[in-house]
Amino acid sequence: MLKLGTYNTLTILRDTEPGLFLGNEEEDEVLLPNKYVPEVFEIGEELNVFVYLDSHERIVCTTLEPFATVNTFAYLKCASVSDIGAFMSWGLEKDLFVPFKEQANRMRSGNWYLVYVYLDDETNRLVASSKTNSFLDNSLVLLSPYDEVDLILSHPSPRGWNAIVNGKHLGLIYNDEIFQKLTVGDKLKGFIKKVRPDGKIDLTIQKHGYRSIEPNAAQILRELEASGGYIAVNDKSSPKEIEDTFQLSKKSFKRAIGSLYKERKITIEKEGIQLIEK
């Protein structure tokens with residue numbers, strides 16, 4: 001069976017006037033239009049192609065790589081708006097449709113939105129929704145403190161940033177855990193801080209305790225090397241100075257420079273930190 005909205009590895013069956021016909025072991029066939037046909041190919045060769053419906057609702061495939069596949073989240077630009085909904089640019093000739101009923105807020109052409117791509121059961125078409133929370137479930141969270149997770153930033157709140165966790169759950173990065181600029185759609189690594197009894201997930205983008213020393217120390221070393229070996233910030237500097245310079249909390253910064261000092265990689269001066277030349 002051909003899988004719509006994702007990649008299929010198919011075999012070249014025959015070369016025809018409109019393009020190549022590809023097939024699978026179940027004898028399903030699909031057209032790869034001429035404009036996507038490789039310059040060199042052989043009958044019987046396998047191709048990895050993306051399968052979807054074209055503007056005439058026919059199943060076709062392409063060698064183009066869309067910005068998202070079915071059942072995934074993506075940050076996409078609205079290409080146009082019509083009287084039936086919005087259309088998102090997603091790397092294919094046919095834009096991705098977002099019905100009005102699936103828009104958290106009315107979309108505007110030229111703006112960017114975080115959406116979830118799915119296959120509509122009624123029409124068998126690939127569509128998207130900006131009501132992303134509808135596609136997340138925190139009823140069963142099989143994660144533990146310190147686990148590393150993949151995050152997509154969803155939307156800010158007064159308490160911090162909501163983030164999609166591993167494409168499945170909703171979590172929150174609290175404001176006091178944020179020491180860098182964040183925007184909707186950012187993809188980054190994070191860590192589980194706590195999973196509450198009700199399934200709510202507290203997140204951090206800093207490794208916990210001793211686990212954070214190595215990456216934070218490495219970051220400080222890079223900053224020192226880029227600054228000629230000296231930066232006028234030390235453990236006596238204000239939290240804001242430290243955050244502006246290194247995007248770290250004062251606690252994380254002090255722990256990291258303490259580690260570097262013990263390893264004899266830096267000296268802590270009266271007004272800053274100095275890299276020790278080897």
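In this text the structure is predicted, and so the values were computed from the model without any measurement.
The shortest heavy-atom contact between D202 and R196 is OD2-NH2, 2.7 Å. When every heavy atom of S109 is checked against every heavy atom of A79, the shortest pair comes out as OG-O, 3.2 Å. Closest non-hydrogen pair, S82 versus F100, comes out as O-CZ, 3.2 Å. Contact detail for R108 and C78: the closest heavy-atom pair is O-CB, 3.4 Å. The minimum heavy-atom distance between P156 and V184, with the atom names listed, is CD-CG2, 4.5 Å. Counting all heavy atoms, side chain and backbone alike, L32 lies closest to C61 at CD1-O, 3.5 Å.
K194 contributes no side-chain N or O that, together with a main-chain N or O of L203, makes up a donor-acceptor pair within less than 3.5 Å. With hydrogens and angles ignored, the 3.5 Å screen pairs no side-chain donor or acceptor of S227 with any backbone N or O of Y230. The main-chain N or O of N133 is never found under 3.5 Å from a side-chain atom of Y116 such that the two would form a donor-acceptor pair. Although no hydrogens or angles enter the test, the distance criterion places a donor-acceptor pair under 3.5 Å between the side chain of Q247 and the main chain of D244. Judged purely by atom type and a 3.5 angstrom limit, E148 has no side-chain atom pairing as donor or acceptor with the backbone of K189. Here the side chain of N8 pairs a donor or acceptor atom with the backbone of K3 at under 3.5 angstrom. Panel note: side chain D137, backbone H169; no donor-acceptor pair is recorded below 3.5 Å.
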Please test D186 against L151 for side chain to side chain contact (heavy atoms under 4.5 Å, CB included), starting from the C-alpha separation and ending with a verdict. CA-CA 8 Å; D186 282 354; L151 304 179; over 6 Å; no
Assess whether side chain to side chain contact (heavy atoms under 4.5 Å, CB included) is satisfied between I192 and Y146, documenting all intermediate values. CA-CA 5 Å; I192 300 298; Y146 310 128; over 6 Å; no
Using the rule given for side-chain hydrogen bond (donor to acceptor under 3.5 Å, both in side chains), can you reason through E177 versus T204, listing the C-alpha separation, both sets of side-chain angles and the distance that settles it, and then say yes or no? CA-CA 6 Å; E177 295 282 345; T204 179; 2.7 Å; yes
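Looking at Y113 and S129, their side chains never come closer than 4.5 Å, going by heavy atoms from C-beta outward. Taking 4.5 Å as the limit, some side-chain heavy atom of N124 sits within range of a side-chain heavy atom of L4. By the 4.5 Å heavy-atom criterion applied to side chains, F191 and I205 are not counted as neighbours. Using a 4.5 Å heavy-atom threshold, the side chains of E223 and T245 count as separate. Within the 4.5 Å cutoff, the side chain of L248 has heavy atoms near those of the N216 side chain. Here the side chains of E46 and L22 are not in contact, with every heavy-atom distance at 4.5 Å or above. The shortest side-chain heavy-atom distance between N111 and K77 does not fall under the 4.5 Å cut-off. At least one side-chain heavy atom of F253 sits less than 4.5 Å from a side-chain heavy atom of V233.
For R14, the CZ atom is densely surrounded, since the number of other residues' heavy atoms within 6.0 Å is greater than 12. By the neighbour-count criterion of 12 heavy atoms within 6.0 Å, atom OH of Y261 is sparsely surrounded, having that number or fewer from other residues, nucleotides or ligands. No more than 12 heavy-atom neighbours from other residues, nucleotides or ligands sit within 6.0 angstrom of CG on N105. For E45, the CD atom counts as densely surrounded, since its 6.0 Å shell holds more than 12 non-hydrogen atoms of other residues, nucleotides or ligands. In E26, the CD atom is crowded: over 12 heavy atoms of neighbouring residues, nucleotides or ligands sit closer than 6.0 Å.
Qualifying side-chain contact (heavy atoms from CB on, under 4.5 Å) partners for V70, counting only residues two or more places apart in sequence or in other chains: T6, L119, L126. With sequence neighbours left out, E243 forms a side-chain contact (heavy atoms from CB on, under 4.5 Å) with F179.
Residue pairs meeting the salt bridge (Lys or Arg N to Asp or Glu O under 4.0 Å) criterion with at least one partner in residues 112-136, sequence neighbours excluded, are E57-R125.
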Atom pairs and distances, donor-acceptor, side-chain atoms in residues 158-168, under 3.5 Å, two or more places apart:
unit_1	atom_1	unit_2	atom_2	d
N162	ND2	H155	O	3.2
N162	ND2	H155	NE2	3.2
N166	OD1	D150	N	2.9

Using distance only, find each side-chain donor-acceptor pair of residues 87-95 under 3.5 Å and give its atom names and separation, not counting sequence neighbours.
unit_1	atom_1	unit_2	atom_2	d
W90	NE1	K94	O	2.9
E93	OE1	K35	NZ	2.9
E93	OE2	K35	NZ	2.9
E93	OE2	Y36	OH	3.2
K94	NZ	L53	O	3.3
K94	NZ	D54	O	3.2

Sequence neighbours left out, cut at 3.5 Å: what donor-acceptor pairs do the side chains of residues 266-273 make with other protein atoms?
unit_1	atom_1	unit_2	atom_2	d
T267	OG1	E269	OE2	2.6

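Atom CD1 of I178 sits about 12.5 Å away from atom OG of S249, to the nearest 0.5 Å. Atom CG in L47 sits 8.5 Å away from atom OG1 in T11 (nearest 0.5 Å).
Linking ILVMFWY side-chain heavy atoms closer than 4.5 Å, directly or via other members, places V149 and L172 in two distinct hydrophobic clusters. Taken together through direct or relayed side-chain contacts under 4.5 Å among Ile, Leu, Val, Met, Phe, Trp and Tyr, Y75 and I173 form part of one hydrophobic cluster. F21 and Y7 sit in two unconnected hydrophobic clusters of ILVMFWY residues. Membership requires side-chain heavy atoms under 4.5 Å apart, directly or through other members. Taking hydrophobic clusters as Ile, Leu, Val, Met, Phe, Trp and Tyr residues chained together by side-chain heavy-atom distances below 4.5 Å, L31 does not share a cluster with I59.
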